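Quick notes on the structure that follows.
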There are 2 protein chains.
Amino acid sequence: MPTIIATVNVNGVRAAAGKGMLAWLAATEADIVCLQETRATDEQTRAALAPALADGWSLALAEPEAKGRAGVGILSRRAPQEVRIGFGSKEFDASGRYLEADFDDVTVASVYVHSGDVGTPRQDEKYRFMAELGAYLTGRGGEFVVSGDWNIAPSELDIKNWKGNLKSAGFLPQERAWIDELLAAGYVDVVRRLHPGVEGPYSWWSYRGRAFDNDSGWRIDYQLARGDLAARAKQAVVERAAAYDQRWSDHAPVTVQYR
Amino acid sequence: MPTIIATVNVNGVRAAAGKGMLAWLAATEADIVCLQETRATDEQTRAALAPALADGWSLALAEPEAKGRAGVGILSRRAPQEVRIGFGSKEFDASGRYLEADFDDVTVASVYVHSGDVGTPRQDEKYRFMAELGAYLTGRGGEFVVSGDWNIAPSELDIKNWKGNLKSAGFLPQERAWIDELLAAGYVDVVRRLHPGVEGPYSWWSYRGRAFDNDSGWRIDYQLARGDLAARAKQAVVERAAAYDQRWSDHAPVTVQYR
DNA sequence: CTTTTTAAG
DNA sequence: CTTAGAAAG
(Lines give C-alpha, C1' and ligand atoms only; values in the text may rest on other atoms or scores of the structure.)
Protein backbone atom coordinates (compact mmCIF):
# COMPACT_ATOMS: atom_id res chain seq x y z
CA MET A 1 0.00 0.00 0.00
CA PRO A 2 1.33 3.47 -0.78
CA THR A 3 2.24 5.73 2.07
CA ILE A 4 2.87 9.43 1.67
CA ILE A 5 5.13 11.04 4.23
CA ALA A 6 5.62 14.79 4.48
CA THR A 7 8.00 16.76 6.66
CA VAL A 8 7.94 20.45 7.41
CA ASN A 9 9.56 22.84 9.83
CA VAL A 10 6.61 25.02 10.80
CA ASN A 11 8.65 27.71 12.58
CA GLY A 12 6.14 28.07 15.40
CA VAL A 13 3.01 25.99 15.11
CA ARG A 14 0.82 28.71 16.60
CA ALA A 15 1.88 31.27 14.02
CA ALA A 16 1.78 28.71 11.19
CA ALA A 17 -1.72 27.49 12.08
CA GLY A 18 -2.99 31.03 11.88
CA LYS A 19 -1.42 31.66 8.49
CA GLY A 20 -2.37 28.69 6.33
CA MET A 21 -0.85 25.53 7.74
CA LEU A 22 -4.30 24.18 8.60
CA ALA A 23 -5.50 24.73 5.03
CA TRP A 24 -2.42 22.94 3.72
CA LEU A 25 -3.06 20.06 6.11
CA ALA A 26 -6.68 19.82 5.01
CA ALA A 27 -5.56 19.59 1.37
CA THR A 28 -2.45 17.40 1.60
CA GLU A 29 -2.51 13.77 0.48
CA ALA A 30 0.11 12.85 3.04
CA ASP A 31 -0.70 10.08 5.52
CA ILE A 32 2.02 11.10 7.92
CA VAL A 33 3.38 14.59 8.54
CA CYS A 34 6.55 15.15 10.53
CA LEU A 35 6.68 18.56 12.20
CA GLN A 36 9.67 20.47 13.51
CA GLU A 37 10.00 23.63 15.52
CA THR A 38 6.53 23.61 16.94
CA ARG A 39 7.99 26.00 19.56
CA ALA A 40 5.13 25.37 21.94
CA THR A 41 4.04 23.12 24.78
CA ASP A 42 2.02 20.00 23.97
CA GLU A 43 -1.08 21.81 25.18
CA GLN A 44 -0.43 24.85 23.02
CA THR A 45 0.29 22.66 20.00
CA ARG A 46 -2.92 20.67 20.41
CA ALA A 47 -4.87 23.91 20.74
CA ALA A 48 -3.27 25.33 17.58
CA LEU A 49 -3.97 22.13 15.62
CA ALA A 50 -7.44 21.53 17.12
CA PRO A 51 -9.27 21.71 13.75
CA ALA A 52 -6.94 19.07 12.30
CA LEU A 53 -7.33 16.84 15.34
CA ALA A 54 -11.11 17.21 15.10
CA ASP A 55 -10.70 16.20 11.47
CA GLY A 56 -9.25 12.87 12.55
CA TRP A 57 -5.50 13.49 12.58
CA SER A 58 -3.57 11.77 15.35
CA LEU A 59 -0.72 13.72 16.95
CA ALA A 60 2.37 12.53 18.79
CA LEU A 61 4.67 15.15 20.33
CA ALA A 62 8.06 15.60 21.90
CA GLU A 63 7.64 18.66 24.07
CA PRO A 64 10.67 20.95 24.37
CA GLU A 65 11.96 21.63 27.89
CA ALA A 66 12.95 25.16 26.88
CA LYS A 67 9.91 27.32 26.27
CA GLY A 68 9.48 28.50 22.70
CA ARG A 69 12.35 26.37 21.38
CA ALA A 70 12.47 23.33 19.10
CA GLY A 71 9.64 20.81 19.56
CA VAL A 72 8.86 18.03 17.08
CA GLY A 73 5.72 16.07 16.31
CA ILE A 74 4.21 13.47 14.02
CA LEU A 75 0.71 13.84 12.63
CA SER A 76 -0.86 10.73 11.14
CA ARG A 77 -4.23 9.78 9.76
CA ARG A 78 -4.13 6.60 11.85
CA ALA A 79 -2.63 6.48 15.32
CA PRO A 80 0.78 4.84 15.60
CA GLN A 81 1.21 1.60 17.56
CA GLU A 82 3.96 3.08 19.63
CA VAL A 83 5.71 6.38 20.14
CA ARG A 84 9.18 7.02 21.60
CA ILE A 85 10.64 10.37 22.55
CA GLY A 86 14.40 10.82 22.08
CA PHE A 87 17.13 8.34 21.16
CA GLY A 88 18.64 7.53 24.53
CA SER A 89 20.52 10.78 25.06
CA LYS A 90 20.89 12.27 28.50
CA GLU A 91 21.51 15.71 27.10
CA PHE A 92 18.97 15.81 24.28
CA ASP A 93 16.02 13.51 24.92
CA ALA A 94 14.04 16.21 26.73
CA SER A 95 14.91 18.94 24.25
CA GLY A 96 12.07 18.20 21.81
CA ARG A 97 14.27 17.31 18.86
CA TYR A 98 13.61 13.65 18.15
CA LEU A 99 10.49 11.50 18.07
CA GLU A 100 9.76 8.05 16.66
CA ALA A 101 6.43 6.46 15.82
CA ASP A 102 5.75 2.89 14.70
CA PHE A 103 3.20 2.36 11.91
CA ASP A 104 2.61 -1.34 11.10
CA ASP A 105 5.78 -2.31 9.29
CA VAL A 106 7.64 1.00 9.27
CA THR A 107 9.02 3.37 11.83
CA VAL A 108 8.98 7.10 11.13
CA ALA A 109 11.13 9.60 13.00
CA SER A 110 10.82 13.38 13.09
CA VAL A 111 14.10 15.13 13.78
CA TYR A 112 15.13 18.73 14.32
CA VAL A 113 18.83 19.50 14.15
CA HIS A 114 19.26 23.10 15.25
CA SER A 115 21.08 25.70 13.18
CA GLY A 116 24.16 26.05 15.38
CA ASP A 117 25.61 29.42 14.52
CA VAL A 118 29.36 29.35 13.97
CA GLY A 119 31.41 30.65 16.87
CA THR A 120 28.68 30.25 19.47
CA PRO A 121 28.05 27.58 22.12
CA ARG A 122 25.19 26.43 19.88
CA GLN A 123 27.75 25.18 17.36
CA ASP A 124 29.36 22.83 19.88
CA GLU A 125 25.93 21.73 20.95
CA LYS A 126 25.06 20.91 17.35
CA TYR A 127 28.17 18.75 17.03
CA ARG A 128 27.36 16.92 20.25
CA PHE A 129 23.83 16.34 18.97
CA MET A 130 25.17 15.09 15.63
CA ALA A 131 27.60 12.71 17.35
CA GLU A 132 24.94 11.16 19.55
CA LEU A 133 22.26 11.00 16.90
CA GLY A 134 24.70 9.62 14.32
CA ALA A 135 25.76 6.80 16.63
CA TYR A 136 22.11 5.95 17.25
CA LEU A 137 21.06 6.03 13.60
CA THR A 138 24.00 4.05 12.25
CA GLY A 139 23.28 1.36 14.82
CA ARG A 140 19.63 1.17 13.85
CA GLY A 141 18.12 -1.26 11.32
CA GLY A 142 14.70 -2.12 9.97
CA GLU A 143 12.20 -0.33 7.79
CA PHE A 144 12.89 3.16 8.92
CA VAL A 145 12.83 6.75 7.73
CA VAL A 146 14.09 9.83 9.55
CA SER A 147 12.45 12.96 8.22
CA GLY A 148 13.10 16.46 9.33
CA ASP A 149 15.09 19.63 9.36
CA TRP A 150 18.74 18.60 9.36
CA ASN A 151 20.04 22.16 9.04
CA ILE A 152 22.79 20.84 6.79
CA ALA A 153 22.94 21.18 3.01
CA PRO A 154 24.63 17.89 1.98
CA SER A 155 26.32 19.13 -1.19
CA GLU A 156 26.93 22.06 -3.50
CA LEU A 157 23.72 21.18 -5.31
CA ASP A 158 21.79 21.81 -2.12
CA ILE A 159 22.49 25.49 -1.63
CA LYS A 160 22.11 28.33 -4.11
CA ASN A 161 25.14 30.33 -3.06
CA TRP A 162 27.45 27.55 -1.90
CA LYS A 163 30.67 29.48 -2.51
CA GLY A 164 29.52 32.27 -0.27
CA ASN A 165 28.56 29.86 2.49
CA LEU A 166 31.64 27.70 2.86
CA LYS A 167 32.09 29.04 6.38
CA SER A 168 28.42 29.18 7.29
CA ALA A 169 26.69 26.89 9.74
CA GLY A 170 24.84 24.32 7.66
CA PHE A 171 27.47 23.95 4.97
CA LEU A 172 30.64 23.30 6.96
CA PRO A 173 32.82 20.36 5.82
CA GLN A 174 32.36 18.63 9.18
CA GLU A 175 28.61 18.87 8.87
CA ARG A 176 28.53 17.54 5.32
CA ALA A 177 30.89 14.73 6.31
CA TRP A 178 28.38 13.72 8.96
CA ILE A 179 25.59 13.39 6.39
CA ASP A 180 27.99 11.40 4.19
CA GLU A 181 28.54 9.01 7.07
CA LEU A 182 24.82 8.40 7.38
CA LEU A 183 24.59 7.70 3.65
CA ALA A 184 27.60 5.38 3.88
CA ALA A 185 25.84 3.58 6.73
CA GLY A 186 22.95 2.67 4.43
CA TYR A 187 20.62 5.63 4.61
CA VAL A 188 19.26 6.99 1.33
CA ASP A 189 18.49 10.66 0.81
CA VAL A 190 15.37 9.78 -1.18
CA VAL A 191 14.66 13.35 -2.30
CA ARG A 192 18.11 13.59 -3.89
CA ARG A 193 17.86 10.06 -5.35
CA LEU A 194 14.63 11.05 -7.09
CA HIS A 195 16.10 14.38 -8.27
CA PRO A 196 19.66 13.47 -9.24
CA GLY A 197 22.15 16.03 -10.47
CA VAL A 198 19.93 19.09 -10.23
CA GLU A 199 20.21 22.19 -8.10
CA GLY A 200 17.74 21.90 -5.27
CA PRO A 201 14.92 21.41 -4.81
CA TYR A 202 15.41 23.82 -1.94
CA SER A 203 13.24 23.54 1.16
CA TRP A 204 14.19 26.68 3.12
CA TRP A 205 14.51 30.33 2.21
CA SER A 206 15.57 33.03 4.64
CA TYR A 207 12.96 35.60 5.54
CA ARG A 208 15.61 38.23 4.94
CA GLY A 209 15.81 40.09 1.68
CA ARG A 210 14.29 38.56 -1.44
CA ALA A 211 15.54 35.03 -0.78
CA PHE A 212 12.24 33.31 -1.49
CA ASP A 213 11.40 35.30 -4.63
CA ASN A 214 14.88 34.64 -6.00
CA ASP A 215 14.76 30.97 -4.97
CA SER A 216 17.95 31.65 -3.07
CA GLY A 217 17.39 28.65 -0.81
CA TRP A 218 18.91 25.68 0.94
CA ARG A 219 17.90 22.01 0.81
CA ILE A 220 18.12 21.22 4.50
CA ASP A 221 14.84 19.34 4.98
CA TYR A 222 14.90 15.76 3.72
CA GLN A 223 14.02 12.18 4.42
CA LEU A 224 16.71 9.56 5.05
CA ALA A 225 15.28 6.07 4.54
CA ARG A 226 16.79 2.63 4.96
CA GLY A 227 15.76 -0.95 4.18
CA ASP A 228 13.16 -1.78 1.55
CA LEU A 229 11.48 1.51 2.34
CA ALA A 230 14.26 3.44 0.57
CA ALA A 231 13.61 1.55 -2.63
CA ARG A 232 9.89 2.17 -2.36
CA ALA A 233 10.31 5.97 -2.66
CA LYS A 234 8.83 6.84 -6.04
CA GLN A 235 8.10 10.55 -5.96
CA ALA A 236 9.42 13.48 -3.98
CA VAL A 237 8.20 17.06 -4.13
CA VAL A 238 8.97 20.22 -2.24
CA GLU A 239 5.65 22.00 -1.89
CA ARG A 240 6.98 25.44 -2.69
CA ALA A 241 3.72 26.36 -4.42
CA ALA A 242 1.68 25.37 -1.41
CA ALA A 243 3.68 27.83 0.61
CA TYR A 244 3.60 30.52 -2.03
CA ASP A 245 -0.05 31.64 -1.94
CA GLN A 246 0.39 32.58 1.68
CA ARG A 247 3.73 31.71 3.19
CA TRP A 248 3.20 30.15 6.60
CA SER A 249 6.79 29.13 7.36
CA ASP A 250 10.27 29.85 6.07
CA HIS A 251 10.45 26.13 5.20
CA ALA A 252 8.26 24.28 2.68
CA PRO A 253 6.84 20.75 3.12
CA VAL A 254 8.95 17.97 1.60
CA THR A 255 6.61 15.17 0.59
CA VAL A 256 7.61 11.66 -0.50
CA GLN A 257 5.44 8.88 -1.85
CA TYR A 258 6.47 5.37 -0.82
CA ARG A 259 4.78 2.65 -2.91
CA MET B 1 0.06 85.71 26.32
CA PRO B 2 -1.68 82.37 26.66
CA THR B 3 0.40 79.21 26.60
CA ILE B 4 -1.06 75.76 26.17
CA ILE B 5 0.91 72.89 27.65
CA ALA B 6 0.05 69.24 27.03
CA THR B 7 1.56 66.14 28.56
CA VAL B 8 1.19 62.57 27.37
CA ASN B 9 2.81 59.25 28.04
CA VAL B 10 3.10 57.84 24.51
CA ASN B 11 4.00 54.28 25.55
CA GLY B 12 6.61 53.90 22.81
CA VAL B 13 6.95 56.83 20.43
CA ARG B 14 7.58 54.58 17.44
CA ALA B 15 4.36 52.65 17.95
CA ALA B 16 2.41 55.79 18.82
CA ALA B 17 3.63 57.70 15.75
CA GLY B 18 2.39 54.87 13.54
CA LYS B 19 -1.03 54.81 15.17
CA GLY B 20 -2.21 58.39 15.27
CA MET B 21 0.05 60.45 17.50
CA LEU B 22 1.27 62.47 14.52
CA ALA B 23 -2.30 63.30 13.52
CA TRP B 24 -3.03 64.40 17.09
CA LEU B 25 0.09 66.55 17.11
CA ALA B 26 -0.89 68.16 13.80
CA ALA B 27 -4.29 69.04 15.26
CA THR B 28 -3.45 70.06 18.84
CA GLU B 29 -3.47 73.69 19.90
CA ALA B 30 -0.74 73.06 22.44
CA ASP B 31 2.42 75.16 22.25
CA ILE B 32 4.44 72.74 24.34
CA VAL B 33 3.99 68.98 24.59
CA CYS B 34 5.73 66.96 27.30
CA LEU B 35 6.33 63.35 26.29
CA GLN B 36 7.00 60.35 28.51
CA GLU B 37 8.01 56.80 27.74
CA THR B 38 9.39 57.44 24.31
CA ARG B 39 11.18 54.10 24.79
CA ALA B 40 13.65 54.85 22.04
CA THR B 41 17.02 56.43 21.39
CA ASP B 42 17.17 60.10 20.40
CA GLU B 43 17.80 59.03 16.82
CA GLN B 44 14.83 56.68 16.78
CA THR B 45 12.59 59.31 18.36
CA ARG B 46 13.57 61.97 15.82
CA ALA B 47 12.93 59.49 13.01
CA ALA B 48 9.51 58.61 14.41
CA LEU B 49 8.57 62.26 14.81
CA ALA B 50 10.19 63.42 11.55
CA PRO B 51 6.92 64.75 10.04
CA ALA B 52 6.30 66.87 13.13
CA LEU B 53 9.86 68.18 13.13
CA ALA B 54 9.54 69.03 9.44
CA ASP B 55 6.36 70.85 10.44
CA GLY B 56 8.37 73.15 12.68
CA TRP B 57 8.20 71.50 16.08
CA SER B 58 11.34 71.71 18.19
CA LEU B 59 12.30 68.62 20.20
CA ALA B 60 14.40 68.28 23.34
CA LEU B 61 15.10 64.79 24.64
CA ALA B 62 16.46 62.92 27.63
CA GLU B 63 17.65 59.65 26.16
CA PRO B 64 17.26 56.59 28.36
CA GLU B 65 20.42 54.60 29.08
CA ALA B 66 18.43 51.36 29.11
CA LYS B 67 17.23 50.49 25.62
CA GLY B 68 13.48 50.49 25.19
CA ARG B 69 12.84 51.95 28.65
CA ALA B 70 11.56 55.32 29.88
CA GLY B 71 12.70 58.32 27.83
CA VAL B 72 11.14 61.81 28.10
CA GLY B 73 11.00 64.74 25.75
CA ILE B 74 9.58 68.20 25.23
CA LEU B 75 8.12 69.30 21.91
CA SER B 76 7.62 73.03 21.42
CA ARG B 77 6.58 75.30 18.61
CA ARG B 78 9.50 77.59 19.44
CA ALA B 79 12.86 76.28 20.59
CA PRO B 80 13.59 76.69 24.31
CA GLN B 81 16.39 78.99 25.43
CA GLU B 82 17.95 76.23 27.46
CA VAL B 83 17.48 72.55 28.16
CA ARG B 84 18.66 70.52 31.17
CA ILE B 85 18.60 66.75 31.54
CA GLY B 86 18.04 65.34 35.02
CA PHE B 87 17.85 67.06 38.39
CA GLY B 88 21.31 66.40 39.78
CA SER B 89 20.87 62.73 40.62
CA LYS B 90 23.73 60.30 40.23
CA GLU B 91 21.37 57.36 39.97
CA PHE B 92 18.66 58.83 37.77
CA ASP B 93 19.96 61.63 35.55
CA ALA B 94 20.90 59.23 32.74
CA SER B 95 17.73 57.16 33.00
CA GLY B 96 15.62 59.36 30.73
CA ARG B 97 13.05 60.37 33.31
CA TYR B 98 13.44 64.09 33.79
CA LEU B 99 14.00 67.01 31.44
CA GLU B 100 13.65 70.78 31.86
CA ALA B 101 13.32 73.45 29.19
CA ASP B 102 13.28 77.23 29.67
CA PHE B 103 10.80 79.27 27.64
CA ASP B 104 11.06 83.02 28.19
CA ASP B 105 9.60 83.50 31.64
CA VAL B 106 8.63 79.92 32.48
CA THR B 107 10.41 76.62 32.90
CA VAL B 108 8.65 73.42 31.85
CA ALA B 109 9.70 69.96 33.02
CA SER B 110 8.69 66.58 31.64
CA VAL B 111 8.83 63.80 34.22
CA TYR B 112 8.30 60.08 34.12
CA VAL B 113 7.89 58.34 37.46
CA HIS B 114 7.90 54.60 36.75
CA SER B 115 5.15 52.29 37.91
CA GLY B 116 7.14 50.42 40.55
CA ASP B 117 5.33 47.15 41.05
CA VAL B 118 4.83 46.26 44.71
CA GLY B 119 7.22 43.65 46.04
CA THR B 120 9.81 44.10 43.31
CA PRO B 121 13.12 45.99 43.27
CA ARG B 122 11.33 48.53 41.06
CA GLN B 123 9.28 49.60 44.08
CA ASP B 124 12.37 50.56 46.08
CA GLU B 125 13.74 52.29 43.02
CA LYS B 126 10.53 54.30 42.74
CA TYR B 127 10.85 55.44 46.35
CA ARG B 128 14.47 56.44 45.81
CA PHE B 129 13.42 58.40 42.72
CA MET B 130 10.59 60.07 44.65
CA ALA B 131 12.93 61.03 47.49
CA GLU B 132 15.51 62.64 45.21
CA LEU B 133 13.00 64.31 42.91
CA GLY B 134 10.95 65.56 45.86
CA ALA B 135 13.97 67.18 47.46
CA TYR B 136 14.82 68.88 44.19
CA LEU B 137 11.30 70.11 43.48
CA THR B 138 10.58 71.43 46.97
CA GLY B 139 13.82 73.40 46.80
CA ARG B 140 12.95 74.92 43.48
CA GLY B 141 11.25 78.26 42.92
CA GLY B 142 10.20 80.43 40.04
CA GLU B 143 7.61 80.19 37.32
CA PHE B 144 7.68 76.48 36.91
CA VAL B 145 5.49 73.55 35.91
CA VAL B 146 6.33 69.85 36.09
CA SER B 147 4.15 67.84 33.75
CA GLY B 148 4.21 64.14 33.27
CA ASP B 149 3.29 60.65 34.27
CA TRP B 150 3.58 60.52 38.04
CA ASN B 151 2.23 56.98 38.30
CA ILE B 152 0.47 57.98 41.50
CA ALA B 153 -3.23 58.69 41.88
CA PRO B 154 -3.26 61.48 44.51
CA SER B 155 -6.66 60.73 46.06
CA GLU B 156 -9.72 58.52 46.00
CA LEU B 157 -11.20 60.78 43.34
CA ASP B 158 -8.33 59.90 41.05
CA ILE B 159 -8.92 56.20 40.62
CA LYS B 160 -12.12 54.41 39.66
CA ASN B 161 -11.72 51.37 41.91
CA TRP B 162 -9.79 52.90 44.81
CA LYS B 163 -10.97 50.35 47.38
CA GLY B 164 -9.64 47.52 45.29
CA ASN B 165 -6.30 49.23 44.81
CA LEU B 166 -5.32 50.18 48.35
CA LYS B 167 -2.35 47.83 48.08
CA SER B 168 -1.51 48.54 44.45
CA ALA B 169 1.50 50.47 43.25
CA GLY B 170 0.29 53.95 42.36
CA PHE B 171 -2.18 54.27 45.24
CA LEU B 172 -0.10 53.36 48.28
CA PRO B 173 -0.32 55.71 51.30
CA GLN B 174 3.37 56.48 51.07
CA GLU B 175 3.04 57.49 47.42
CA ARG B 176 0.02 59.70 48.05
CA ALA B 177 1.78 61.30 51.01
CA TRP B 178 4.62 62.23 48.69
CA ILE B 179 2.26 64.07 46.35
CA ASP B 180 0.71 65.80 49.38
CA GLU B 181 4.17 67.02 50.35
CA LEU B 182 4.65 68.58 46.93
CA LEU B 183 1.30 70.32 47.24
CA ALA B 184 2.20 71.51 50.76
CA ALA B 185 5.44 72.88 49.34
CA GLY B 186 3.52 75.20 47.03
CA TYR B 187 2.83 73.13 43.92
CA VAL B 188 -0.69 73.20 42.55
CA ASP B 189 -2.26 70.24 40.80
CA VAL B 190 -3.89 72.53 38.25
CA VAL B 191 -6.02 69.79 36.67
CA ARG B 192 -7.60 68.99 40.02
CA ARG B 193 -7.98 72.68 40.90
CA LEU B 194 -9.92 73.21 37.70
CA HIS B 195 -12.03 70.07 38.26
CA PRO B 196 -12.69 70.10 41.99
CA GLY B 197 -14.62 67.36 43.75
CA VAL B 198 -15.30 65.17 40.75
CA GLU B 199 -14.17 61.66 39.94
CA GLY B 200 -11.36 61.88 37.44
CA PRO B 201 -10.77 63.06 34.82
CA TYR B 202 -8.73 59.90 34.36
CA SER B 203 -5.70 59.93 32.11
CA TRP B 204 -4.73 56.26 31.95
CA TRP B 205 -6.69 53.08 31.29
CA SER B 206 -5.16 49.61 31.31
CA TYR B 207 -5.03 47.81 28.00
CA ARG B 208 -6.37 44.77 29.83
CA GLY B 209 -10.04 43.93 29.77
CA ARG B 210 -12.57 46.65 29.05
CA ALA B 211 -10.90 49.31 31.19
CA PHE B 212 -11.08 52.08 28.59
CA ASP B 213 -14.67 51.40 27.49
CA ASN B 214 -15.79 51.33 31.13
CA ASP B 215 -13.73 54.43 31.98
CA SER B 216 -12.11 52.33 34.67
CA GLY B 217 -9.08 54.57 34.79
CA TRP B 218 -6.55 56.37 36.92
CA ARG B 219 -5.58 60.03 37.02
CA ILE B 220 -1.82 59.68 37.13
CA ASP B 221 -0.80 62.23 34.50
CA TYR B 222 -0.97 65.82 35.69
CA GLN B 223 0.75 69.17 35.81
CA LEU B 224 2.12 70.57 39.05
CA ALA B 225 2.65 74.32 38.73
CA ARG B 226 4.06 76.91 41.11
CA GLY B 227 4.35 80.66 41.22
CA ASP B 228 2.07 82.92 39.22
CA LEU B 229 1.88 80.23 36.60
CA ALA B 230 -0.37 78.13 38.83
CA ALA B 231 -2.91 80.96 39.04
CA ARG B 232 -2.80 81.41 35.28
CA ALA B 233 -4.20 77.91 34.63
CA LYS B 234 -7.69 78.50 33.28
CA GLN B 235 -8.70 75.31 31.50
CA ALA B 236 -7.65 71.67 31.76
CA VAL B 237 -8.85 68.81 29.59
CA VAL B 238 -7.96 65.17 29.26
CA GLU B 239 -8.13 64.46 25.55
CA ARG B 240 -9.90 61.15 25.90
CA ALA B 241 -11.84 61.71 22.69
CA ALA B 242 -8.66 62.40 20.73
CA ALA B 243 -7.45 59.02 21.80
CA TYR B 244 -10.75 57.33 21.18
CA ASP B 245 -10.99 57.34 17.38
CA GLN B 246 -7.82 55.34 17.21
CA ARG B 247 -6.11 54.74 20.50
CA TRP B 248 -2.40 55.36 20.15
CA SER B 249 -1.38 55.02 23.81
CA ASP B 250 -2.84 53.69 27.04
CA HIS B 251 -2.58 57.27 28.34
CA ALA B 252 -4.44 60.32 27.00
CA PRO B 253 -2.99 63.82 26.59
CA VAL B 254 -3.64 66.17 29.54
CA THR B 255 -3.77 69.70 28.20
CA VAL B 256 -3.80 72.91 30.25
CA GLN B 257 -4.28 76.47 29.10
CA TYR B 258 -2.28 79.08 31.00
CA ARG B 259 -3.52 82.64 30.39
C1' DC C 1 12.94 39.27 8.53
C1' DT C 2 10.24 36.30 11.87
C1' DT C 3 8.74 33.69 16.14
C1' DT C 4 8.69 33.45 20.74
C1' DT C 5 10.09 35.03 25.76
C1' DT C 6 11.06 38.44 28.86
C1' DA C 7 10.78 42.74 31.38
C1' DA C 8 7.99 46.40 32.13
C1' DG C 9 3.97 48.70 32.25
C1' DC D 1 -3.34 43.64 26.52
C1' DT D 2 0.84 46.21 24.67
C1' DT D 3 5.73 47.88 23.77
C1' DA D 4 10.19 46.83 22.93
C1' DG D 5 14.59 43.89 23.45
C1' DA D 6 16.74 39.38 23.34
C1' DA D 7 17.67 34.91 21.73
C1' DA D 8 17.29 31.97 18.07
C1' DG D 9 16.75 30.88 13.53
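All chains are named by letter (A, B, ...) in the order of the sequence lines, taking the proteins before the strands, and each is independently numbered beginning at 1. As the structure is a computational prediction, the values presented were derived from the model and not from experiment.
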All pairs passing salt bridge (Lys or Arg N to Asp or Glu O under 4.0 Å) where residues 151-166 of chain A contributes a residue, at least two apart: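 Only A/Asp158-A/Arg192, A/Asp158-A/Arg219 qualify under salt bridge (Lys or Arg N to Asp or Glu O under 4.0 Å).
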Validation row: B/Val10, B/Trp24 side chains within 4.5 angstrom (heavy atoms):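 B/Val10 vs B/Trp24: side chains apart.
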Expressed as a whole number of angstroms, how long is the span from [X]:[atom1] to [N]:[atom2]?
{"X": "A/Gln246", "N": "C/dT2", "atom1": "CD", "atom2": "P", "value": "11 Å"}
{"X": "A/Asp213", "N": "C/dC1", "atom1": "CG", "atom2": "P", "value": "12 Å"}
{"X": "A/Asn214", "N": "C/dC1", "atom1": "CG", "atom2": "C1'", "value": "15 Å"}
{"X": "B/Gln123", "N": "C/dG9", "atom1": "CD", "atom2": "C1'", "value": "15 Å"}
{"X": "B/Arg247", "N": "D/dC1", "atom1": "CZ", "atom2": "C1'", "value": "9 Å"}

List the atom pairs, donor and acceptor, that lie under 3.5 Å between side-chain atoms in residues 64-73 of chain B and the rest of the protein, sequence neighbours left out.
none

Sequence neighbours excluded, which residues qualify as side chain to side chain contact (heavy atoms under 4.5 Å, CB included) partners of [X]?
{"X": "A/Arg208", "result": "A/Ser206"}
{"X": "B/Glu132", "result": "B/Phe87, B/Ser89, B/Glu91, B/Phe92"}
{"X": "B/Ala52", "result": "B/Leu22, B/Leu25, B/Trp57"}

Heavy-atom protein contacts under 4.0 Å, nucleotides 3-9 of chain D, coded B base, S sugar-phosphate only, - none: BSS--SB
